[in-house]
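Computed from a predicted structure; not experimentally measured.
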Amino acid sequence: MQVLSLIRSRFADVLATWIDDPALLSATLERIVPSRETHLADYQANVAMPLQKKLGKPPLAIAEELVAGVKLSDICSSVTIAGQGYVNLRLSPEWLSDRLSEALSDPDRLAVSLAATPKTYVVDFSSPNVAKPMHVGHVRSTVIGDAINKILRFLGHRVHSDNHLGDWGTQFGMIIYGYKHFRNQEAFDQAPVAELGRLYRLIQQTISYQDTVANVPKLEANIIKAEQKANDSKQKAADAPKDKKLAKEATSAHQQWLDLQQQRLQALAAIESASHDADLLERSKTHPELGQRVLRETSKLHEGDSENIKLWEAFLPSCKAEIHNVYRRLNVQFDFEYGESYYHDLLPMVVEDLLARSMAVQSDGAICVFLDGYEAPMIVRKQDGAFLYATTDIATAVFREREFAPDVSLYVVDHRQSEHFQKLFDVLRKIGLTHTDLKHVSFGTVLGDDGKPFKTRSGTIVGLESLLDEAVERAMQVVCDPERLNRSGTDFSEEDRKNIAETVGIGAIKYADLSHNRTSNYVFDMNKMVLMEGNTAAYIQYSYARTRSIIRKALAEGIAQADLGARKLALVEGPELALGLQLLRFEDMLSQSMSDYLPNMVTEYLFETAKLFSSFYEQCPVLKADSPDVVLARLRLTELTGLTLKKGLELLGIGTVERM
RNA sequence: GGGCUCAUAGCUCAGUUGGAUAGAGCAACGGAUUUCUAAUCCGUAGGUCGUAGGUUCGAACCCUACUGGGCCUGCCA
């Protein structure tokens, strides 16, 4: 039910006679919103104050004319003026009850309408590099993208979800090189992905060590320069003691000098700790310039070298299978999974096309597109002839345009790539992809409790699988807590327990991610997450289970399922009305959350709904209410609450259980 | 150097895109269970929304400057 647009259209009937400018009219209508002051109003129109200049009247007079003109008597029980000119609306309980009855008679969609003008979306999300173990950083793109995908579909749009797998990049050069030189055949035969993961880390570690060693002389040279600069600036600042800018420069130069020294010490410490690792030293010695060797393997793969292609084809299925295990567990599906490799044959044409349009030029041996407003160009072909992700991204967008002709193309990717996407979109528009709304749905970094990107104490990245396992394990502890089981009088089978723990544990991880505004960084704290109290998935899942518990008892007491739907609700008490009003807002909330692709608006809504239900639950007995009519009305409200919570969680990719 | 971004309660975060007395969870404190699941509820305390200006009927939100953090800044994705 689109309540907001209905109310706005009533106001538009009056406002349109006052305002000619359509832009101003629609801006004015957007000032009609759900009220924050719930003790004063359900909805409020903040339109009188901004119109005082335009109409040349005091706001209170405008508000009075508005209230006199607008037709709301069927919807509202009261329309009043307050403060400097706020128009406060209170919905009539009858109208509210009727709308909720409609939702109840449509349990699949809860009377949420399908988009009047459906759009075609491409949603690009998750997109991990295969052959690298997935870690917590991959959760955000996967979970946010999946929620957006599911919500847009529910709202009636055509959505193509694409997992743009990194299946063609440098990491394959790494594991191919590793496989050729360091593999443990027995381990590979038994568990190929684990062995490839080991090889990946082995190569990574060696390259990083070599880079560190090679970097020390450069650092030392820079330290000397920085020291000189620091001294010079200090001198200049001392010569002109009143110049604040020079003083600031001096501190900054000094700081840079200190930073470089610190970096050198860190590098030396890393080298020192590596010196105890005989295998590493040996590897580094026998495979000098490993980074270059790895790149060579990658370019051989791209050039079609038969041995490397064969290895790639051998590795890919098991790598994909591994990733799909995670998706299965997270209940995430994609329509397509073409991956970068799919576009490889198109890349030379992309570059030729850019050259033909004179958009790309040679520079330092690479082929680059220079764009206004950016220092660095977008490189589409490297010196050595290899293509980059920018090239692939262009090819991918062109392909999607031809295949789907999307109205909107969403890229759910880390905010660190925002400049890349700005450049990419700039190029895409220049080559004619103008009718697609290209949007980087960026998200912040997941941090550890030290405020730095999430890692364990030893510094290695935490694998996603083990993270999920831990959350499920912690959920299991709560499920099996004997005191709790005794109190709630529930008796779960082993299978029930497993199911509940999995649903609650995975839900906890997803919810923690989704409940933050996607644009901000957030601190990942397993301890808080698995408390399963307060603003968590478990709280909402628990509220849902309580609605089910009441419904089960009602059915057991002989109330027919048919009595629960499609009948009048007749809400009277405060907690009933507050909950009912909240349930009425489901559709408005969903569209609102998709106007800027913010799933946290959905979690916020569900949490609020669950709280209102808990409050209702405490204050309004359902089965033991005074009269059979009230019992039925409250049962229906309980049923609709359950349906709404379940649907909301489902749209976020979070499951529910009937008992917990 | 340039660009992007962030700064809100002790901690972790919301804040419906400029509306009324700035909210929630956790932690702290005090209450509630013969009553539909206490993974719950009710209450208390906690804030100069980084600083200083500006814009306007009205600013946590927009603009400018400053302070401090993060990220990006030509051949990884």
Visitor: With sequence neighbours excluded, tell me which residues meet side-chain hydrogen bond (donor to acceptor under 3.5 Å, both in side chains) with A:N215.
Guide: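 Partners of A:N215 by the side-chain hydrogen bond (donor to acceptor under 3.5 Å, both in side chains) criterion come out as none, since no residue qualifies.
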Visitor: Are A:S549 and B:rC36 close enough that a side-chain N or O sits under 4.0 Å from OP1 or OP2?
Guide: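 False: A:S549 side-chain N/O out of range (4.0 Å or more) of B:rC36 OP1/OP2.
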Visitor: Once ring-ring contact (aromatic ring centres under 6.0 Å, His included) is applied, do any residues pair with A:F443, and if so which ones, sequence neighbours excluded?
Guide: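 Testing A:F443 for ring-ring contact (aromatic ring centres under 6.0 Å, His included), a comparison that skips the adjacent residues, returns none.
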Visitor: Which pairs count as salt bridge (Lys or Arg N to Asp or Glu O under 4.0 Å) when at least one residue sits in residues 602-622 of chain A, sequence neighbours excluded?
Guide: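 Every pair satisfying salt bridge (Lys or Arg N to Asp or Glu O under 4.0 Å) with a residue in residues 602-622 of chain A: A:E608-A:K611.
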Visitor: Is there a donor and acceptor pair, one atom on the side chain of A:S363 and one on the base of B:rG74, closer than 3.5 Å?
Guide: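 It does, because a donor-acceptor pair links the side chain of A:S363 to the base of B:rG74 below 3.5 Å.
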Visitor: Mind listing the side-chain donor-acceptor pairs of residues 387-395 of chain A below 3.5 Å, one per line with the distance, residues two or more places apart or on another chain?
Guide:
from: A:T391; atom 1: OG1; to: A:V380; atom 2: O; distance (Å): 2.7
from: A:T391; atom 1: OG1; to: A:L388; atom 2: N; distance (Å): 3.1
from: A:T391; atom 1: OG1; to: A:L388; atom 2: O; distance (Å): 3.1
from: A:T392; atom 1: OG1; to: A:L388; atom 2: O; distance (Å): 3.3
from: A:D393; atom 1: OD2; to: A:H420; atom 2: NE2; distance (Å): 2.8

Visitor: May I ask you to say what A:A545 touches in the nucleic acid, namely base, sugar-phosphate or nothing, with a heavy-atom cut-off under 4.0 Å?
Guide: base
Visitor: If you go through the side-chain atoms of A:Y542, does one of them form a donor-acceptor pair with the base of B:rA39 closer than 3.5 Å?
Guide: no
Visitor: Take nucleotides 15-23 of chain B nucleotide by nucleotide from the 5' end and write B, S or -, depending on whether a protein heavy atom sits under 4.0 Å from the base, only from the sugar-phosphate, or from neither.
Guide: SBBSBB---
Visitor: Tell me the salt bridge (Lys or Arg N to Asp or Glu O under 4.0 Å) pairs involving residues 36-50 of chain A, sequence neighbours left out?
Guide: A:D42-A:R90
Visitor: Do the rings of A:Y539 and A:F607 sit parallel, tilted or perpendicular, given the 30° and 60° boundaries?
Guide: perpendicular
Visitor: Pull out every residue in residues 411-424 of chain A that has a heavy atom closer than 4.0 Å to any atom of RNA chain B, ordered by number, or say none.
Guide: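 The answer is A:R416, A:Q417, A:E419.
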Visitor: Dot-bracket for RNA chain B, please. Rules: Watson-Crick or G-U, both distances under 3.5 Å, ( ) within the strand, [ ] when a pair crosses earlier ones, | for another strand, . otherwise.
Guide: (((((((..((((.....[...)))).(((((.......))))).....(((((..]....))))))))))))....
Visitor: So A:H302 and A:F172, ring pair (Phe, Tyr, Trp, His ring centres under 6.0 Å) or not? Walk me through it.
Guide: CA-CA 10 Å; A:H302 290 179; A:F172 269 97; 9.7 Å; no
Visitor: Checking the side chain of A:S141 only, and the main-chain atoms of A:V412 only, is there a donor and an acceptor separated by less than 3.5 Å?
Guide: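 Checked: pair present.
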Visitor: Which residues pass the side-chain hydrogen bond (donor to acceptor under 3.5 Å, both in side chains) test with A:Q383, not counting sequence neighbours?
Guide: none
Visitor: Write out all pairs satisfying salt bridge (Lys or Arg N to Asp or Glu O under 4.0 Å) with one or both partners inside residues 504-513 of chain A, taking only residues at least two apart or from two chains.
Guide: A:R140-A:D513
Visitor: Below 3.5 Å between N/O atoms, which protein atoms pair up with nucleotides 7-12 of chain B? Just atom names and distances, please.
Guide:
from: B:rU12; atom 1: O4'; to: A:K528; atom 2: NZ; distance (Å): 3.2

Visitor: Give A:M589 one of three labels, base, sugar-phosphate or nothing, depending on what nucleic acid heavy atoms sit under 4.0 Å from its own.
Guide: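 Nothing: the residue A:M589, judged by heavy atoms under 4.0 Å, touches no strand.
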Visitor: Looking at B:rC36, B:rA38, B:rC41, which one has an atom nearest to any side-chain atom of A:R546?
Guide: B:rA38
Visitor: Just by distance, with hydrogens left out, do A:Y511 and A:N535 show a side-chain donor and acceptor under 3.5 Å apart?
Guide: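 The answer is yes; a qualifying pair exists.
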Visitor: So what does A:Y389 touch, heavy atoms closer than 4.0 Å: a base, only the sugar-phosphate, or nothing?
Guide: base
Visitor: For the side chain of A:S614, starting at C-beta, report the closest nucleotide among B:rU40, B:rG74, B:rU37.
Guide: B:rU40
Visitor: Looking across every strand, which nucleic acid part, if any, lies under 4.0 Å from A:I379 by heavy atom: base, sugar-phosphate, or nothing?
Guide: base
Visitor: So for atom NZ, which belongs to A:K225, do other residues, nucleotides or ligands contribute more than 12 heavy atoms lying within a distance under 6.0 Å?
Guide: no
Visitor: For residues 360-370 of chain A, which residue pairs qualify under side-chain hydrogen bond (donor to acceptor under 3.5 Å, both in side chains), counting only residues two or more places apart or in two chains?
Guide: none
